[in-house]
Amino acid sequence: MTFENNEKVNLKIDLRNLNQNETCQYIEDLGEKRFRGKQVFSWVQKGITDFDELNNIPKMLREKFADSFYISNIKILEKKISKIDETIKYLLELGDGNVIEAVLMKYKYGYSLCVSSQVGCRMGCSFCASTLNGLVRSLSAGEILGQLLTIQKDIEAKIGHIVLMGIGEPFDNYDNVTKFFEIVNDKDGINLGLRNITVSTCGVVDKIMQLAEEYPQINLAISLHSAIDEVRTQMMPINKKYNLEKIIDVCRQYIKKTNRRITFEYTLVKGKNDSKEAIDALVKYVRGLNCHINLIPLNQVVENGMQGLERKKAKDIADYLESRGVSATVRRQLGADIDGACGQLRMKREIATSSC
């Protein structure tokens, strides 16, 4: 059963959106034992989408549950596999027909999955393909979870790390994102450690401290991209509301609260933020902070006309930062041959669809 094939599904509850306690409570409200809820929750976390797959639950109960619940499904529309490094980029269709992206990366330690938190984005970062057509809507916790379940099923392997750096601003969808943390961390489900999850934000200051209070184990990455207010505002309109001073203040509070290191993402755009003046400003900005700079040569997006920096020059900048006492690396380039920049695959599909 899928969303688009069942008009009554809007009256039902998506089990992927429920944590274990909620699942058990709904099952109890139907007059069944609480342990049945635990069974259902466990099956949902295995990626099942059909109630007939609940083979340790009597058929009569499966039919009863199907009258009150549904299990959302995500369809793989396109799958591009890099010939360079085995990175896989997925174009995924949600139940309402909206399209998102997820990227599976293979490392020595296992698989890491970059997931989306919204359909589109309203942050307006000038170098990012995800935001070109604005925000359509936020994803539910179940839809974020569904990306993981769908891709684990596709590769027939467990994914050990999650990165929320796909389409959307995670802190613009804070409640659903953190509910996803809760669901995926449950020991009776996927049981993914919170320290294996990284969330990236363009700098939504109030939510950074909320994360520190509620989920201090989560790894925090902040999209910085410039340590000069004027330049950062040109690249990231959110800097008008949350400028560099506000961000560095909350970073100090976050580190004091969690004793965790922060990663600053710094996308290198040729002629924009790669000058010696820009890098010296970065050194001054992070001085004394427990942080790491992740330098990212821009994956070119034709629509915005911006160009990335050669990896050799990016490495030179990393070496310079290190010489000034700032921890820095150049992000490993993955999926360069498969529309590696976030949002590119979705955008190409929208262009193709609109021109038909």
* Asked: Does any donor atom in the side chain of E265 or S200 lie under 3.5 Å from an acceptor atom in the other side chain?
  -> yes
* **Lys/Arg-Asp/Glu bridge criterion (N-O < 4.0 Å) met for K313, D274** => no
* To do: Give me the one residue out of T201, T263, T198 that meets side-chain contact (heavy atoms from CB on, under 4.5 Å) with L220.
  => T201
* To do: Can you sort out the partners of F181 under ring-ring contact (aromatic ring centres under 6.0 Å, His included), two or more places apart, ordered by chain and number?
  => Y215
* **Sidechain N-carboxylate O distance under 4.0 Å for D316, K312** => yes
* To do: Determine, step by step, whether N273 and S226 satisfy the side chain to side chain donor-acceptor pair (under 3.5 Å) criterion, reporting the C-alpha distance in whole Å, the side-chain angles of both residues, the deciding distance to 0.1 Å, and the verdict.
  => CA-CA 6 Å; N273 62 353; S226 178; over 6 Å; no
* Asked: Under 4.0 Å between a Lys/Arg side-chain N and an Asp/Glu carboxylate O for K64 and E32?
  -> yes
* **NZ/NE/NH1/NH2 to OD/OE distance under 4.0 Å, K284 and D280** => no
* Between H225 and Y266, how do the two ring planes meet: parallel, tilted or perpendicular, split at 30° and 60°? -> tilted
* To do: For I159 and Q152, work out which heavy atoms get closest and say how close.
  => N-OE1, 2.9 Å
* Asked: Do Y109 and Y107 have their ring centres less than 6.0 Å from each other?
  -> yes
* According to a 4.5 Å side-chain heavy-atom criterion applied to Ile, Leu, Val, Met, Phe, Trp and Tyr, with indirect links allowed, do Y285 and I279 form part of one hydrophobic cluster? -> yes
* Residues K270, E310: salt bridge by 4.0 Å N-O rule -> yes
* Can we say E169 and K207 salt-bridge, meaning some charged N sits less than 4.0 Å from an Asp/Glu carboxylate O? -> no
* Return yes when atom NZ of K33 has more than 12 non-hydrogen atoms of other residues, nucleotides or ligands closer than 6.0 Å, and no otherwise. => no
* To do: Determine, stepwise, if the pair N173 / S117 fulfils side chain to side chain donor-acceptor pair (under 3.5 Å).
  => CA-CA 7 Å; N173 186 22; S117 57; 5.3 Å; no
* Asked: More than 12 heavy atoms of other residues, nucleotides or ligands under 6.0 Å from CZ of R122: is that the case?
  -> no
* Treat each ILVMFWY residue as a node, draw an edge where side-chain heavy atoms are under 4.5 Å apart, and state whether I167 and I296 are in one component. => no
* Asked: Is Y174 reachable from I197 through a run of I, L, V, M, F, W or Y residues, each pair having side-chain heavy atoms under 4.5 Å apart?
  -> yes
